[in-house]
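Notes to accompany the following structure.
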Amino acid sequence: MSNTEKTQVKKIIEPRTLKGFRDFIPEAMIPREKLIERVTNVYRSYGFCPIDTPVLEYLEILMGKGSEETDKQLYRFKDSGGREVGMRFDLTVPFARFAAQHFAELGVPFKRYHLAKVWRGENTQAGRYREFMQCDFDTIGTTSVVSDIETAFVINDILEKVDLRTDDAFTKFKVHVNSRKILNGALEKLGLSEQATPVLRALDKLAKIGADAVVAEMAETAGATEEQARSILEIACAMGANVEILERLEAALQGSELGLQGVAELRQILDATREAGIPTERFLVDVSIARGLDYYTGTIFETFLDEIPQLGSVCSGGRYDNLAELYTKQKLPGIGASLGLDRLFAGLEELGMVEKKATTVDVFIPLFDAQLTNRYVALGRGLRQRGIGVEIYPEPKKLGQQLKYADKKGFKLALVLGSDEVARGVANLKDLRSGGQQEVALELEALVRAIYDALQA
RNA sequence: GUGGAAGUAGCUCAGUUGGAUAGAGCAUCGGAUUGUGGCUCCGAAGGUCGAGGGUUCGAAUCUCUUCUUCCACCCCA
């Protein structure tokens with residue numbers, strides 16, 4: 001190697017991505033898009049409509065809610081015009097701004113979904129990144145329990161569709177439901193309303209750290225007495241069938257109008273899911289889930305995969321009284337939830353529910369004989385117009401090598417066409433999974449029919 | 001942000017007490033096989049040993065700094 005060549009080699013910039021940011025190769029992106037498509041279809045089937053908002057917002061919009069944590073995690077900078085801007089760290093805050101700005105033209109109730117990337121400058125961990133996708137859906141402008149019910153349905157329907165290998169319903173998940181009204185009612189009765197945030201934050205960790213540690217944390221961060229803490233836990237730990245838990249809660253919350261209202265709402269949601277034919281074990285009343293965010297005021301949802309609960313919630317949400325209070329005097333109550341696509345996807349991969357494929361079409365046409373190139377491209381186009389995706393190999397390599405490529409990428413069928421076949425007016429349709437092949441008349445309609453039949457099999 | 005562990009080929013990893021030109025399997029590309037993939041055999045290509053400094057006659061190996069990844073905490077999807 002000459003010196004000049006060496007210098008040039010040194011000039012190569014190391015290809016790399018930022019910590020917590022990822023590339024997606026086709027094998028990862030194809031199933032990801034499939035999941036996105038399924039999620040979107042569920043949203044649309046309930047009448048949710050798509051919106052989008054800018055990646056960058058004025059810093060004051062994003063910092064409005066200003067908890068210390070979000071401030072630290074916010075990607076912020078000055079743009080070239082000297083404006084203080086930030087990248088959205090969730091889709092709820094931009095939606096609140098959006099709703100405040102446009103509610104007059106949109107009208108209520110308004111149902112939107114929003115699938116987009118968000119950014120948080122926090123430390124990475126398995127299934128946790130600095131750039132990740134959220135899939136929010138919200139219904140605003142109504143306090144009707146119908147919205148709570150349909151939110152529960154949507155969560156259920158999405159999760160049923162996550163097995164990407166098949167169209168069959170996935171069933172190994174649980175939606176934990178609770179109501180902030182129940183929690184607040186209980187806190188009220190115990191005289192802990194003032195310390196709601198630290199108490200609930202501690203309670204939220206129950207499954208993870210155990211009862212004693214929760215009591216200790218409540219004492220430390222909220223100044224709760226052991227008796228108060230134990231009472232909260234007693235209510236939160238209610239085990240058994242949903243109906244029993246609700247009955248016990250009802251008894252424990254006598255005198256708290258708010259708490260009883262929460263119980264009644266949960267009861268109505270559960271009744272509705274049962275009547276709609278959703279398996280009753282799918283939804284669990286779980287008074288220990290509290291959610292970190294303090295803007296929730298009613299029903300709360302968290303969703304766990306049965307086989308990997310330690311992954312955390314893959315779809316969470318709840319009801320709030322006033323989404324956009326920072327940006328408008330108009331009161332906008334609503335309910336919504338967010339699917340953590342990247343976390344869910346990490347779980348699906350772990351469970352082997354992601355089909356590996358590196359092609360977006362099923363049919364492969366090798367460039368067997370360069371003399372027949374125009375024949376191949378015309379045939380490919382004809383099939384595409386009939387709804388069959390086709391890829392044509394661009395180079396006249398040996399047939400074996402072309403088929404090897406097709407095999408590796410995961411094509412299902414190869415349409416082999418050489419001068420022999422053309423002379424005889426046929427094409428060879430090869431099934432790449434079984435290895436079998438059949439001759440089909442070299443005529444578009446016959447080929448379309450044969451391909452559809454082969455793909456069904 | 002805090003604490004712990006680890007970074008050697010695209011991936012998984014070996015590399016002895018500090019010693020010569022850093023290895024294997026899988027994957028990639030080519031050949032055996034000019035009309036048929038998966039199996040087999042042969043070959044090729046692929047390395048700033050994460051990066052930068054220090055100790056040393058000599059560093060993948062020891063040391064410091066830094067970056068990255070993983071785990072736990074915090075918080076969250």
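Labels below follow one simple rule: chain letters A, B, ... track the order of the sequence lines, proteins then strands, and each chain is numbered from 1.
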Identify the nucleotide, in any strand shown, that forms a Watson-Crick or G-U wobble pair with B/C41, with both distances under 3.5 Å; if there is none, say none. B/G31
Side chains of A/Arg112 and A/Tyr43: donor-acceptor distance under 3.5 Å anywhere? no
Any strand, both distances under 3.5 Å, Watson-Crick or G-U wobble: B/U36 pairs with none
If you look at every strand shown and take non-hydrogen atoms under 4.0 Å, does A/Asn428 touch a base, only sugar-phosphate, or nothing? base
Does any nucleotide pair with B/A14 by Watson-Crick or G-U wobble geometry, both distances under 3.5 Å, and what is it? none
Taking the P atom in each of B/A20 and B/C11, what is the distance between them to the nearest angstrom? 26 Å
When rounded to whole Å, the CZ to P distance for the pair A/Arg130 and B/C76 reads 18 Å
Write down the distance separating the P atoms in B/G10 and B/C29, rounded off to the nearest Å. 15 Å
Are A/Glu391 and A/Tyr405 linked by a side-chain donor-acceptor pair shorter than 3.5 Å? yes
Considering only atom P, compute the distance from B/A44 to B/C70 and round it to an integer number of Å. 36 Å
Taking atom P in both B/G31 and B/C67, compute the distance separating them and give it to the nearest angstrom. 47 Å
Need one value for A/Asp342: base, sugar-phosphate or nothing, where a base atom within 4.0 Å counts as base even if backbone is also close, heavy atoms only. nothing
Tell me yes or no: between the side chains of A/Asp138 and A/Tyr320, is some donor less than 3.5 Å from an acceptor? yes
Are the ring of A/Phe132 and the base ring of B/A77 both nearer than 5.5 Å at their centres and tilted by less than 30°? yes
With A/Pro366 as reference, evaluate A/Leu399, A/Ile392, A/Leu415 under the side-chain contact (heavy atoms from CB on, under 4.5 Å) test and give the passing residue. A/Leu399
Within the structure shown, what part of the strands sits under 4.0 Å from A/Asp431 by heavy-atom distance: base, sugar-phosphate, or nothing? base
Looking at B/U68, which nucleotide sits across from it as a Watson-Crick or G-U wobble partner, both distances under 3.5 angstrom, or is there none? B/A6
Can you check the distance between B/C49 and B/U8, where both ends of the measurement are the C1' atom (answer in whole Å)? 4 Å
Watson-Crick or G-U counterpart of B/U56, or none if no pair lies under 3.5 Å: none
Any carboxylate oxygen within less than 4.0 angstrom of a Lys/Arg side-chain nitrogen, looking at A/Asp212 and A/Arg230? yes
Between the main-chain N or O of A/Ile300 and the side-chain N or O of A/Arg180, is there a donor-acceptor pair closer than 3.5 Å? no
Would you measure the distance from the P atom in B/U69 across to the matching atom in B/G15 and give it in whole Å? 26 Å
Contact nearer the 5' end of RNA chain B, comparing A/Thr17 with A/Met133: A/Thr17
Should the side chain of A/Arg128 and the base of B/C75 be counted as holding a donor-acceptor pair, with the cut-off at 3.5 Å? yes
Whole angstrom value for the distance that separates P of B/A77 from CD1 of A/Ile300: 12 Å
Which part of the nucleic acid, if any, lies within reach of A/Ser419 when heavy atoms closer than 4.0 Å are counted: base, sugar-phosphate only, or nothing? base
With a 3.5 Å cut-off and heavy atoms only, can you find an N or O donor on one side and an acceptor on the other between the side chain of A/Gln402 and the base of B/G35? no
Report yes if a donor N or O on one partner sits less than 3.5 Å from an acceptor N or O on the other, where the partners are the side chain of A/Glu302 and the base of B/A77; otherwise report no. no
For atom OH of A/Tyr393 and atom P of B/G37, their distance in whole Å: 15 Å
Which whole-number value in Å describes the distance from A/Lys430 NZ to B/G35 C1'? 11 Å
Side chain of A/Lys205 - closest among B/U36, B/C75, B/A77: B/C75
Nearest-Å distance for atom pair OH/P, residues A/Tyr75 and B/G1: 11 Å
Step through it carefully: locate the ring centre of A/Phe173, locate the ring centre of A/Phe304, and say whether they are under 6.0 Å apart. no
Per the side-chain contact (heavy atoms from CB on, under 4.5 Å) rule, which among A/Met63, A/Arg120, A/Met87 passes with A/Leu74? A/Met63
Give one of base, sugar-phosphate or nothing for A/Gly20, where a contact means two heavy atoms less than 4.0 Å apart. sugar-phosphate
Verify the contact: side-chain N or O of A/Ser316 to OP1 or OP2 of B/C76, cut-off strictly under 4.0 Å; return yes or no. no
Looking across every strand, which nucleic acid part, if any, lies under 4.0 Å from A/Gly435 by heavy atom: base, sugar-phosphate, or nothing? base
Using heavy-atom distances to pick each residue's nearest nucleotide on RNA chain B, tell me which of A/Phe411 and A/Lys19 is more 5'. A/Phe411
Looking at the side chain of A/Leu403, which of B/C70, B/U36, B/A77 is the nearest nucleotide? B/U36
Under 4.0 Å between a Lys/Arg side-chain N and an Asp/Glu carboxylate O for A/Lys357 and A/Glu27? no
From B/A77, B/U2, B/U69, nucleotide with atom closest to A/Thr124 side chain: B/U69
Contact pattern, 5' to 3', of nucleotides 28-34 of chain B - B, S or - by protein heavy atom under 4.0 Å: SSSSSSS
Any N/O donor-acceptor pair, A/Arg343 side-chain to B/C76 base, under 3.5 Å: yes
Identity of whatever pairs with B/C74 - Watson-Crick or G-U, under 3.5 angstrom: none
Distance check, P atoms only: B/U68 and B/U28, in whole angstrom units. 31 Å
When you compare B/U61 with B/U16, how far apart are their P atoms, in angstrom units rounded to a whole number? 11 Å
Nearest to the side chain of A/Phe368 - B/G35, B/U2, B/A77? B/G35
Do the non-hydrogen side-chain atoms of A/Leu429 and A/Gln437 ever get within less than 4.5 Å of each other? no
